[in-house]
Number of protein chains: 2
Amino acid sequence: MRKRSKTSNGQRVTASDVAERAGVSKWTVSRAFTEGASVSPQARERVLAAAAELGYRPNLLARGLTKHRTQIVGLVVDEMDNPNLLSLINTTTSQLQRQGYLAMLLNISSEHDHGAAISLADQFQVDGLIFLGTVLTDELVHLAQQIRHIPLVVLYRNSDNPNIQVVSTDGYRAGREIAGLLLEQEYRRIGYMTGPVSGSTRLSRLDGFRDGLAEQGLAVDEVLEAGHYRRECGFRALEHYLATTAPAERLEALFCENDILAIGALDALKARGESGSMGIVGFDDIKQAASPAYALTTYRQPLESLVNEAIRRIRFDEAQPRRHLLPGELIQRDSHRRTN
Amino acid sequence: MRKRSKTSNGQRVTASDVAERAGVSKWTVSRAFTEGASVSPQARERVLAAAAELGYRPNLLARGLTKHRTQIVGLVVDEMDNPNLLSLINTTTSQLQRQGYLAMLLNISSEHDHGAAISLADQFQVDGLIFLGTVLTDELVHLAQQIRHIPLVVLYRNSDNPNIQVVSTDGYRAGREIAGLLLEQEYRRIGYMTGPVSGSTRLSRLDGFRDGLAEQGLAVDEVLEAGHYRRECGFRALEHYLATTAPAERLEALFCENDILAIGALDALKARGESGSMGIVGFDDIKQAASPAYALTTYRQPLESLVNEAIRRIRFDEAQPRRHLLPGELIQRDSHRRTN
DNA sequence: GCGGGGTTTACAACCGGTTGCAAACATGAT
DNA sequence: ATCATGTTTGCAACCGGTTGTAAACCCCGC
């Protein structure tokens with residue numbers, strides 16, 4: 001038995017096969033598939049027809065080899081236990097696909113393979129790397145930068161490393177907008193609930209919030225520390241606060257760093273039968289936020305735009321690293337309003 | 001300015017560069033990097049040294065082109081809103097990476113690109129496709145099978161399509177084991193809580209459970225329908241049951257299809273101050289299950305083994321499609337025991 | 001009928017590896 | 001010293017595309 005005769009019995013249909021079928025040479029086939037190439041309309045027509053009949057689909061490895069561009073983006077992901085991450089992965093990948101890119105998932109969360117994974121991605125000639133909600137160690141950045149000149153983008157997070165591209169939601173602006181919203185409601189005693197203290201995510205958001213309040217001569221009265229981005233943590237933090245603070249002295253409104261925390265907070269109010277006694281605002285606009293049980297007022301990050309911007313930066317590999325902050329959208333539901 | 005002189009100034013270090021440095025020919029370099037090739041130890045030594053000095057890393061596109069194997073596995077994912085999926089993606093990708101594979105994430109959840117995504121994966125010559133918790137339409141299977149001969153594996157789910165490889169936890173066996181556990185506790189009135197009725201996942205689990213109980217002459221007394229795999233749904237389902245059933249007639253034990261539901265159920269008991277009045281068993285062993293607040297007895301799926309089996313099937317492309325069911329592990333904590 | 005300008009197309013070389021083949025070499029037995 | 005055997009190594013060809021160049025072609029005006 002022979003090994004795959006070129007034309008007929010072999011599984012793979014190559015450009016040469018199409019060429020033969022269409023009565024042209026394989027170079028013409030290649031040109032027929034590239035946008036601005038000089039091919040006569042009728043030649044292209046014939047090629048495309050032949051390709052369709054034979055079910056030809058170009059081998060992207062071969063193409064990548066010559067073009068030095070693969071349309072693959074490495075998605076470096078950490079913290080695989082953060083449920084919020086899933087929605088980020090979701091929008092990122094689907095947006096990438098829509099733009100003709102494919103995502104190679106590099107899971108950094110387990111053990112020490114940080115270097116190995118990135119190196120592997122490099123060997124596959126990825127067009128760029130997107131870091132998704134990763135705690136981006138300097139080691140990691142260094143690693144990625146020295147390997148080859150791969151465009152790096154940190155998405156959704158704010159890295160303070162100045163050598164790296166950042167595409168993220170403008171937290172400062174969001175904080176201000178939310179401050180404005182709460183001031184409209186004429187709250188005076190206003191608080192903030194924070195998750196893990198590490199994230200620089202928090203900083204800009206809280207800064208903007210502070211500055212927004214300050215414009216009206218107000219300040220953040222109380223910062224509640226929830227510890228983690230988990231419903232129970234938000235629940236307990238507010239529960240504890242309510243239990244230890246006299247009603248007259250309580251906060252009138254609370255901006256939570258995160259929808260998860262906000263929902264915990266709403267649950268805590270409900271559990272004490274005090275729903276509506278405190279205006280609550282979250283951040284992210286997760287699915288549950290829209291449920292009528294919560295009707296959580298929150299701030300939606302412009303996920304699609306963020307991804308597209310990241311892709312743009314990979315595609316054109318902007319010269320000097322710069323952070324790009326996009327505004328999100330305030331989603332007004334009911335939870336920020338007084339109802340009693 | 002010239003375009004990348006081959007050896008020195010060009011970014012990319014190729015096998016030829018290494019060859020020159022090591023004083024051998026590039027073919028020897030290639031052989032030094034393949035496992036069972038015939039190369040003299042000292043030649044390999046020199047090549048490896050030169051490669052290390054130059055920072056050579058083989059171009060995997062080129063390798064894939066000739067070897068017809070890429071070490072890339074397409075991970076077809078749907079239902080991107082199922083939080084359980086994240087942990088599946090996590091273990092799957094990290095296990096793949098550990099085995100030298102890379103995962104290309106194909107997000108099917110949005111719109112109509114089912115075909116496009118799979119076709120794209122094919123063009124990248126993926127070694128196989130793994131369907132992860134996907135509602136696997138026949139159209140999808142057909143599509144994937146006709147394109148090229150790509151090994152397909154459905155992971156974690158039980159497809160009833162006989163033309164397709166399935167690697168999954170043995171739900172029937174799990175059901176029996178759990179039945180056995182509950183019988184050991186001498187419960188008589190035993191129930192089952194189900195999520196969406198569609199999944200064939202459920203069937204085998206419930207079948208095994210039924211058969212296990214039947215061995216002792218018992219049956220499933222009550223099937224509670226929670227609707228979705230969400231905590232609130234489990235909560236409400238049990239809450240409603242408790243509210244409408246006289247204490248004397250209540251179930252003594254309840255096997256929930258899912259830890260999420262089980263946790264909802266535990267919360268419902270707690271909310272009524274009846275914690276410990278009903279033995280609860282879940283399925284999956286999610287993180288929360290281990291928390292002392294729940295101490296949920298559950299059944300852990302052998303995730304690593306499942307992935308490895310899937311990889312094995314992709315690598316060796318088993319001839320006839322067959323389903324492969326692996327046993328999981330019963331995790332006994334406290335929630336299945338009587339405490340009052 | 002011929003030469004000039006613009007398109008199309010064929011060709012060769014290449015991207016960066018792998019692999020079958022045969023020559024070169026080393027080894028040990030006779 | 002000779003030969004059979006086994007191991008290394010160099011070479012050419014190839015994987016399936018792309019791209020620069022040069023030849024072939026077309027249309028047109030002179």
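A note on names: the letters A, B, ... follow the listed sequences, proteins ahead of strands, and every chain is numbered from 1. Just the heavy atoms: all of them, side chains too, but no hydrogens, waters or symmetry mates, feed the values below.
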Exercise: do B/Thr14 and B/Tyr56 side chains pair donor with acceptor under 3.5 Å: no
Looking at B/Leu75, B/Leu132, B/Val76, which one forms a side chain to side chain contact (heavy atoms under 4.5 Å, CB included) with B/Leu106? B/Val76
So which atom in B/Leu129 and which in B/Ile150 form the shortest heavy-atom distance, rounded to 0.1 Å? N-CG2, 4.0 Å
Does CD belonging to B/Glu45 count more than 12 external heavy atoms closer than 6.0 Å? no
Whole angstroms only, please: what is the CZ-P distance between B/Arg69 and D/dC15? 18 Å
Measure CG/A/Leu61 against C1'/D/dT18 and give the value in whole Å, please. 15 Å
When all nucleic acid strands are considered with a 4.0 Å heavy-atom cut-off, which category describes A/Tyr56: base, sugar-phosphate, or nothing? sugar-phosphate
Side chain to side chain contact (heavy atoms under 4.5 Å, CB included) for A/Leu105 and B/Met104? Distances and angles first, verdict last. CA-CA 6 Å; A/Leu105 200 57; B/Met104 185 157 267; over 6 Å; no
Return the value, rounded to whole Å, for the distance between atom CG of B/Asp17 and atom C1' of C/dG17. 13 Å
What does the inter-axis angle of the helix from C/dG1-D/dC30 to C/dT30-D/dA1 come out as, five pairs per end, nearest 10 degrees? 60°
Check the interface with nucleotides 23-26 of chain D: list each N/O to N/O pair with the protein under 3.5 Å, or write none.
none

Compute whether any side-chain donor of one residue and acceptor of the other, for A/Gln71 and A/Arg69, lie under 3.5 angstrom apart. yes
Closest approach to the side chain of B/Ala15, judged atom by atom: which nucleotide of C/dG17, D/dG16, D/dT18 is it? C/dG17
Side chain to side chain contact (heavy atoms under 4.5 Å, CB included) evaluation trace for A/Val307 with A/Tyr156: CA-CA 9 Å; A/Val307 179; A/Tyr156 309 128; 3.4 Å; yes
Given A/Leu65, A/Asn59, A/Leu60, the one that forms side chain to side chain contact (heavy atoms under 4.5 Å, CB included) with A/Arg63: A/Leu60
Please report the distance, rounded to the nearest Å, between NZ in A/Lys67 and C1' in D/dG16. 14 Å
Verify the distance criterion only: is there a donor paired with an acceptor across the side chains of A/Arg323 and A/Ser168 at less than 3.5 Å? no
Integer-rounded Å distance: C/dG16 P and A/Phe124 CZ: 16 Å
Quick one: does B/Thr169's side chain have a donor or acceptor within less than 3.5 Å of a partner on B/Gln301's backbone? no
Give a yes/no on whether any side-chain N or O of B/Ser30 is located under 4.0 angstrom from OP1 or OP2 of C/dT18. yes
May I have the distance from B/Phe33 (atom CZ) to C/dT18 (atom C1'), rounded to whole angstrom? 14 Å
Filtered N/O pairs between nucleotides 4-11 of chain D and protein, under 3.5 Å:
from	atom 1	to	atom 2	distance (Å)
D/dT9	OP1	B/Ser40	OG	3.1
D/dT9	OP2	B/Ser40	N	3.1
D/dT9	OP2	B/Ser40	OG	3.4
D/dG10	OP2	B/Ser25	N	3.4
D/dG10	OP2	B/Ser25	OG	2.6
D/dG10	OP2	B/Thr28	OG1	2.8
D/dG10	O6	B/Arg31	NH2	3.3

Specify the separation, in whole Å, of atom NE2 of A/His68 and atom P of C/dC14. 13 Å
Report the distance from atom CD of B/Gln123 to atom P of D/dC15, rounded to the nearest whole Å. 19 Å
Take A/Val47 and A/Phe33 through the side chain to side chain contact (heavy atoms under 4.5 Å, CB included) test and state the conclusion after the steps. CA-CA 9 Å; A/Val47 169; A/Phe33 276 91; 4.2 Å; yes
